[in-house]
Colleague: 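Could you have a look at this structure, given as structure tokens, before my questions?
Each ligand, and each atom within it, is numbered from 1 in the order the structure gives.
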Amino acid sequence: MSKNVLALVGYGTIGCGVIEILLKNKDLIQKRTGLELVLKYIVDKDLTTPRNVQYPSAKLTNDYKEALMDEEVNTVIELIGGTGFAYTLIEESLKAGKNVVTANKALLAEKGAPLFKLAQEKSKAIGFEGSVCGGIPIIRTINDSLAGDNIQSVYGIVNGTTNYILTKMLEEKLDFKVALKQAQKLGFAEADPTLDIEGYDAAHKIAILAEIAFNTEIDYQKVYVEGITRLELSDIHNAQELGYVLKLLAIAKLDPDNTVEVRVNPALVPEDNQLASVRNEFNGVLIESSFLTNSLYYGRGAGARPTGTAVIADIIDIAKFNNSSVKTTKRIQFNHYKMKEIGDIESRYYVRFNAFDKSGVLSHITGIFSKYDISIASVIQKERSISDTVPLIMTTHMAKEKNITSALNDIEKLDFTKGRGKLIRIIE
Ligand code: HSE
């Protein structure tokens, strides 16, 4: 039996999930892997708040350095989150010769590069399965299961909070704020829910997935991010009328011109696409690759037990390779793809105008679309009710984003619509 000694830093929700699995599945893990996982330290700055799970033989301390100086400790589990102290902890752990397991998506997406470099220099591993989609083994799938296949695209519903909100708005006609409150109560929204609703949490996750799917460095600052706060209930219902479901999608695509698109935006998903049936707080990731073709990964993307499962899998993986001659950080980069600007992408579009109900409006709008080579696929105009404008909804065939933006600029300048047209991308 090979013994593996661990230090956990961050005795919060996920930390408790990890402890629970270590205790309840100790025998199972031993029988399956031949490994004895022993938690020697639990480090947290708050040692007084009562937790619902304890690991009696571990030393509870607020001094992380004690764990780093202990030669017996093989792996440090970072579950404190954020991009400040977590960075220092991982850096010092690697320098002290420890492997690291983390679920910290913001840190890896924004500041991961020097940490992975350091890990490589020190021949240590950083396990990060828990950083994307909680319990869904998506990192392992891309790194291991698809190691022999070329990935063309990754389309994901990777944020449970926004998926929950959009599901409740569609199915129960709940107000955005009420649905967000429910998500916060259920415990999957971030401490600062702006990260969820403005799309940044999803952006962190898709940047990490794009890096491993395309083996290239992704500059997180260049990821295009659009959240769900500017959507209206009518967009969700118009989408339904057109045969689509509105989702917040995280997209990473390798285009034929060898540029990568990495973006997060609301999108109309055809209702027969597998991602359309990913409801509530669940996550789903659709990968398109050459040999396997389409494959879908689905499950719980947040919470103590699902994310705890991913953390335990990394600990086991590291313990296994630690005893072999293969050392890898599992973030291998040999491509140098450029990131595509949002204006250069091509897509189908849904556009909603609040149009004044008078003669010539539709013909002027279609004339401007034609000027920019935008072909219209459908038009719906609703009858006027109490407002002085009518909703005019158009969908387009594939068009250049630059062109549709220019068309909306031109239309905004004319006296035909109230405000700017609302643009939502459509995926096939
Ligand atoms: N706030 C995140 C979500 C938690 O809603 O998906 C998991 O990263």
Colleague: Quick one: does ligand 1 sit under 4.0 Å from the side chain of Lys205, the backbone, both or neither, non-hydrogen atoms only?
Modeller: side chain
Colleague: Under the side chain to side chain contact (heavy atoms under 4.5 Å, CB included) criterion, do Thr216 and Glu211 qualify, and how do the steps go?
Modeller: CA-CA 5 Å; Thr216 192; Glu211 287 200 322; 6.0 Å; no
Colleague: Any chance the side chains of Glu288 and Ser153 put a donor and an acceptor closer than 3.5 Å?
Modeller: yes
Colleague: Using heavy-atom distances only, which candidate in Glu190, His204, Gln184 approaches atom 4 (C) of ligand 1 most closely?
Modeller: Glu190
Colleague: Using a 4.0 Å heavy-atom cut-off, which part of Asn283 comes near ligand 1: side chain, backbone, both, or neither?
Modeller: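 Looking at Asn283 and ligand 1, no heavy atom falls under 4.0 Å.
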Colleague: Going by the order shown, which atoms of ligand 1 are within less than 4.0 Å of some heavy atom of Ala302?
Modeller: 4 (C), 7 (C)
Colleague: Between Lys105 and Glu190, does any NZ, NE, NH1 or NH2 come within less than 4.0 Å of an OD or OE carboxylate oxygen?
Modeller: yes
Colleague: Using heavy atoms and a threshold below 4.0 Å, how should the contact between Thr161 and ligand 1 be classified: side chain, backbone, both, or neither?
Modeller: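 Both parts.
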Colleague: Using heavy atoms and a 4.0 Å limit, tell me yes or no: is Gly301 in contact with ligand 1?
Modeller: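 Gly301 counts as a contact of ligand 1 under the 4.0 Å cut-off.
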Colleague: Is a salt bridge present between Arg425 and Glu226, judged by a nitrogen-to-oxygen distance below 4.0 Å?
Modeller: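 Here Arg425 pairs with Glu226 in a salt bridge, since their nearest N and O are under 4.0 Å apart.
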Colleague: Is the closest N or O pair between Ala189 and ligand 1 shorter than 3.5 Å?
Modeller: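 So ligand 1 has no N or O lying under 3.5 Å from an N or O of Ala189.
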Colleague: For Arg331 and Asn143, which I'm curious about, is there any donor-acceptor pair between the side chains at under 3.5 Å?
Modeller: no
Colleague: Could you find the nearest protein heavy atom to atom 8 (O) of ligand 1 and give me its residue, atom name and distance?
Modeller: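 Looking only at protein heavy atoms, the one closest to atom 8 (O) of ligand 1 is Lys105 NZ, 2.6 Å.
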Colleague: What residue and atom, counting heavy atoms only, is the protein's closest point to atom 6 (O) of ligand 1, and at what distance?
Modeller: Gly160 N, 2.7 Å
Colleague: Out of all atoms in ligand 1, which are within 4.0 Å of some heavy atom of Asp201? Include the element for each.
Modeller: 2 (C), 8 (O)
Colleague: How many angstroms lie between OH in Tyr337 and CG in Asp255, if you round to the nearest 0.5 Å?
Modeller: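 So the OH of Tyr337 and the CG of Asp255 are separated by 11.0 Å.
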Colleague: Would you mind running through ligand 1 and noting each atom that sits below 4.0 Å from a heavy atom of Asp196?
Modeller: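 Once the distances to Asp196 are compared, the set is 1 (N), 2 (C), 3 (C), 5 (O).
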Colleague: Does one side chain, of Asp235 or Tyr350, offer a donor that lies under 3.5 Å from an acceptor on the other?
Modeller: yes
Colleague: In terms of side-chain heavy atoms, does Glu401 have a donor or acceptor partner in Ser347 at a distance below 3.5 Å?
Modeller: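 The criterion, which ignores hydrogens and geometry beyond distance, is not satisfied for Ser347 and Glu401.
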